Each structure stands twice: as structure tokens, then as C-alpha cells.
Amino acid sequence: MIRILIFILIVLGLGLGFAWLADRPGELSLIWQGQLIEMSLMRAASLLISLIAAVLIAVWLIRTIWLSPHTVTRYFRARKRDRGYQALSTGLIAAGAGDANLARKMTARTRGLISADKEPLIHLLEAQTALIEGKYDDARRKFELMADDPETRELGLRGLYLEAKRLGAHEAARQYAERAAEKAPHLPWAALATLDSQSQAGQWDDALRLLDQSRAAHVVERKEADRKKAVLLTARAMTRLDGDVKAARDDALAALKLDEHLVPAALTAAKALFREDNLRKGASILEKNWKHEPHPDVARLYVRARGGDTAVDRLKRARKLEALKPNNAVAMAAVAEAALEARELLLARTKAEAAARLDPTESIFLLLADIEEADTGDEGRIRHWMAQALRSPRDPAWTADGVTSPTWLPVSPVSGRLDAFEWKAPPHTLSATVDHEQSNADAAIRSLPPVAVEPHAHEPAPAARRGEAPVILEAEREEASPEPQPIKVTERKPSEPIADKAPVKKTEKEEVTNGERIPDPFFGRPPDDPGVRDPAAGERAPEKTGFRLF
């Protein structure tokens, strides 16, 4: 476009020049070697321009003829290079598609058309071809050559890193990632891989420094960077909690500013504040986190925030949590556990059954079994709740890469990935599928067997005392009806537990009062525990206490 514009300007200038000369005619006289040459000015200008054009044409012809061998050589070289790049492009596409035969064929053709010293992509094509053919040693050697070349260093380190990860050589992969991050800190894969390796090694300060650099270089998005930094600060606070409580508190509070819903950060901050006797602030942090999403660990720490409290005090704190998040299974379960410790068995049973109706999980039926043991001690009813627990879905737990942990961990022990643990239900195996039909809470409560009580010789049966239909034993039925009775065979479902027909042996600690068996003390707790009501107290009015929450 510029050349055409220049050509138009030259022609326009020549036209204007000839028009100017035509408007101003004149004669030109030239004496050369004794001869007088006269002509008009227009003719002289035309001859001069023609002479210049002839000289330029002659120079172009001479230059073309002189450079013709080089021009021909360059033409064939360019054609060969174009064919080589076409073969290289086809080979890379074939390698990406997994066509090993075509990729190997294009590699050989590219080698014959283009020099590998002039085009480093040939090394990449050869490495990819070796990978899809299963020649991993050859591919690794090609990546090492690329890593030594400054032009392809990052590409070679990337290939070596992936190969080390495939072989499970995590130390080698870490070194390749750190080398790439040092040479090119703008590479996201290198920065994130180095961040994971430093986190796995517990180098929290270095990991935080690298994360800040990556965020400044716009390698990691702001939201993701804030989340990862909150996890790193929480991990560092957990390591500092036993040695430096103040530093642990500051790190945990900084993590909550970045992600206010991070449960481990809230737990760590509350623990640090409780150790500093700042119960009110620690409780407010737990309450704020509880309002967003109730968590059993938050309830457990909140209820037991102050050491030396009685079981009744812990029950009051659990009921306050329930008031903050009503109609929630986790809140009801927390109240049921606290009521069980306080020997408020009716309240514990009510809350546990309500929680089972909302979310019938394994732990809530186990809690009902504990309540049953403390209330009636009936082995049949306890086994009933235990069977329901076996058929119920598992409780949520800290899960990452298919493994669960009793506590939150910042790094996955399987993959080494940062912030991998999530609070969710663990995956079920095929051999441990849940019978959702049998895990229904209402059906489980309705099918609960009655309490087995041995009647006295001088008293009517317990069913008769309650106004229910008396239970007729098989021996009495046989004596009452001389006619032979048909035998009824009941088919047992595979999921139903087999009742234990063996008599229950009484332990040395059990006592018999009025013909009834009294179970052992609840969980071996001494009778002078201020959190347990004395059964012998009867209907005594509870003592008034001046309790104030936090």
C-alpha cells in the first residue's frame, strides 16, 4: 500500500513538472566538443528522464543476472523450509491426536527438510512421538536437551515435571517445578506445584511468600489466592498454637478476614482466645461461624469452651446453639449429647429422635443407642439402634482424594494438593451400600421393641400394669390349648440383626432391687459428678445457681 502511494506521488510530481515546463517554453543550447546543440527545454527534460530510466533498467537487469544463482538457491531453500514446516505442523497434530505412525513419519520428513538447530520444535515433536510410542527414556532425554536450551527451557522443564509426576518421583518433580518457578515465575503450573510441595513440607513462610509473588504477577486469581492464603495461615496457626498462642491467634484471625467461613480457622482462633481467657470473643467467633453452617466440631468446642463447668452448664450452652440455628440436625444432636451427659434422658431422646428424622445418619443412631443404654439398659433396644446405625449413611467427615481424616489437614496426604479436604460424606463402596428403606427414622422408631422387664412373683406383668395386652408365653399357650398348633416360620431379612437368645449375665457391679436389674453407672462416672443428677434425689427441687453464659 505504501509503495503504491509512493508510485502515485512520483507520477503526479512528474506530471506537474512537465505541465510547469509546458507553460514556460524555452530553448536549451549546449556546446560540446566544438558543436552547438540546440533544443527546446521540454525535449531536453524528456531526454534526461528517459536516460535516467534506461540506466535504472540496465542496473536492474545486470543485478538480476548477477544474483540469479543465489535467487534460485534461496527459492528452493524456502520451498524446502515450507515443506518442512508443513510436515512439522502435521506431525504435531498427529502426536496430539495419538497417531504414532503418522507422527513418526512426519518426524523423519521434518528432520530431512529442517535442521533441528534452526527449529527447536523438532525436539518437541520427537519427544511427543516417543511418549505416545511408550519410549519414555527417549522422551526424557529429549526434554533434558530442551531444558538445557534457553529458548526451550520452560517447555523442557514442563515435560520433565510431568514425567516425574507420572513415575511418582515427587522429589524430582518438586525440583523441576522450583527450577521453572525460579527462571519463569509467571508460569502458573510451576508456581502452584512449588506451592503444593512447600505446603507438603510444612514450609508455611516460604509458601506464603511464593503465593504473594504469584498474586502480584497475576498468576493466581484474587479469589483463589485469598482462599489459599487463608488455608496457609490456618495451617501455620495450628502449628503455633502450642508454642506461641498470640501468633496463632493473629494468623487465625487473618485467615478469617480472607475467608470468614473457614471452619478450621474459626476453631483455631477460638482455641487461642480460650487459652488467653478471652471467652467472649472466642464464643462470638464460633457463633458467627455456626450461623453460616452448623458444624459438629464448632458445637463441641463451644459447649466445652470453659473447663470445670458442670454438665448442666454445657447443656445450657448447647441449647443456646440450637436457638441460633433451630430445626437443624447438628444442633439437635449437640443438645442430645449434652443432655445425655447431664442425665436429662427424656430431653436427650427427644432431640436425638428429632435429629434422626431430619438427617438419619450413623452417629445419631449410635447416640440413640447410648441414650438407650443409660435409660433402660435393654440389650434388645440397644442392638436395634446399633443395627439402624449400620444401615444408615455415613456421617460427613474431612475427605480428600478418597480418604478421610478425623481432623482437618491443609494438604492431602495422597496427592499433596493444598486445600484438598472438604467436609462431606465419604464415598461408599459397592459392598457397603446403604439400605435407605431401612434407615428411615420414623420406621426405626416405630419398630423399636418394648422394654424387657422381668415381673415379680407377687406383681402382675409390666404390660398388665400399663393396661396393655398381657404377653402369653409359649409354654402357657401350649398348656392352655391341647390342640396342636401349626408352626409359624418367619423369614428373617438379611439386614435384620439376629436376636441373642443367650441369657444376659449380670456383672459384679449390677444390683437387683425389687426384682429389677439396675444398669452400671453411666460411662463409669462417679456419683459425685456435679453434672449428673442423683437418681436417689427423687423430686427434690433443683438448686438455684447464678450461671451466666460467658
Side-chain angles (χ1 to χ4, degrees), residues 234 237-238 240-242 245 248-249 252-253 256 262-326 328-345 347-349 351-352 355 361 363-364 366-368 370-371 373-374 395-398 405-408 423 521-533 542 545-550:
T234 304
M238 293 172 64
R240 291 178 172 180
L241 187 59
D242 295 332
V245 178
R249 179 202 62 195
L253 292 177
L256 286 176
L262 187 58
V263 175
L267 294 174
T268 307
K271 288 178 182 178
L273 290 169
F274 290 159
R275 294 185 182 184
E276 293 179 343
D277 294 333
N278 194 346
L279 299 178
R280 187 176 298 276
K281 187 174 181 180
S284 65
I285 291 176
L286 294 179
E287 290 174 359
K288 184 178 180 180
N289 195 276
W290 176 267
K291 291 178 182 178
H292 174 259
E293 186 65 32
H295 196 280
D297 294 342
V298 174
R300 194 174 297 110
L301 181 61
Y302 186 87
V303 170
R304 293 166 174 79
R306 184 165 45 197
D309 285 347
T310 63
V312 177
D313 297 337
R314 292 194 290 269
L315 177 58
K316 291 180 180 180
R317 287 198 290 272
R319 303 202 72 163
K320 181 178 181 180
L321 283 181
E322 185 188 14
L324 295 176
K325 200 72 174 180
N328 183 269
V330 180
M332 292 179 178
V335 175
E337 290 180 2
L340 177 61
E341 293 183 3
R343 300 295 287 177
E344 295 284 349
L345 300 181
L347 176 62
R349 185 183 295 275
K351 293 297 182 180
T361 57
S363 64
I364 195 65
L366 292 176
L367 179 60
L368 281 168
D370 293 338
I371 295 172
E373 182 182 4
D395 292 89
W398 293 111
S405 173
T407 58
W408 177 83
W423 182 256
F522 176 64
F523 290 162
R525 183 178 285 108
D528 57 346
D529 190 340
V532 180
R533 293 186 176 182
T545 57
F547 173 76
R548 186 179 63 182
L549 184 61
F550 298 125

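For reference, positions follow the sequence shown, starting with 1. Note that the structure is a prediction, hence the values are computed from the model and not measured.
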Side-chain (Arg314) to main-chain (Asp309) donor-acceptor, under 3.5 angstrom: yes

Straight-line distance of Leu286 CG to Leu267 CG, nearest 0.5 Å: 6.5 Å

Enclosure of Arg275 CZ (heavy-atom neighbours >12, cutoff 6.0 Å): yes

Side-chain donor/acceptor of Trp290 to backbone N/O of Leu324, under 3.5 Å: no

Atom of Asp395, atom of Ser363 and distance for their closest heavy-atom approach: OD2-OG, 2.5 Å

Lys281: partners by salt bridge (charged side-chain N to carboxylate O under 4.0 Å, His left out), with sequence neighbours left out: none

With sequence neighbours excluded, residues passing salt bridge (charged side-chain N to carboxylate O under 4.0 Å, His left out) with Glu276: Arg249

Side chain to side chain donor-acceptor pair (under 3.5 Å) involving Arg349 - partner list, sequence neighbours excluded: Glu372, Asp375

Residue pair Ala355 / Ile364: nearest heavy atoms and the distance that separates them: CB-CD1, 3.6 Å

Separation between CG of Asn289 and OH of Tyr302, rounded to the nearest 0.5 Å: 13.0 Å

Side chain Lys351, main chain Met332, donor-acceptor under 3.5 Å: no

Approximate separation, where rounding is to 0.5 Å, of Ile371 CD1 and Leu366 CG: 11.0 Å

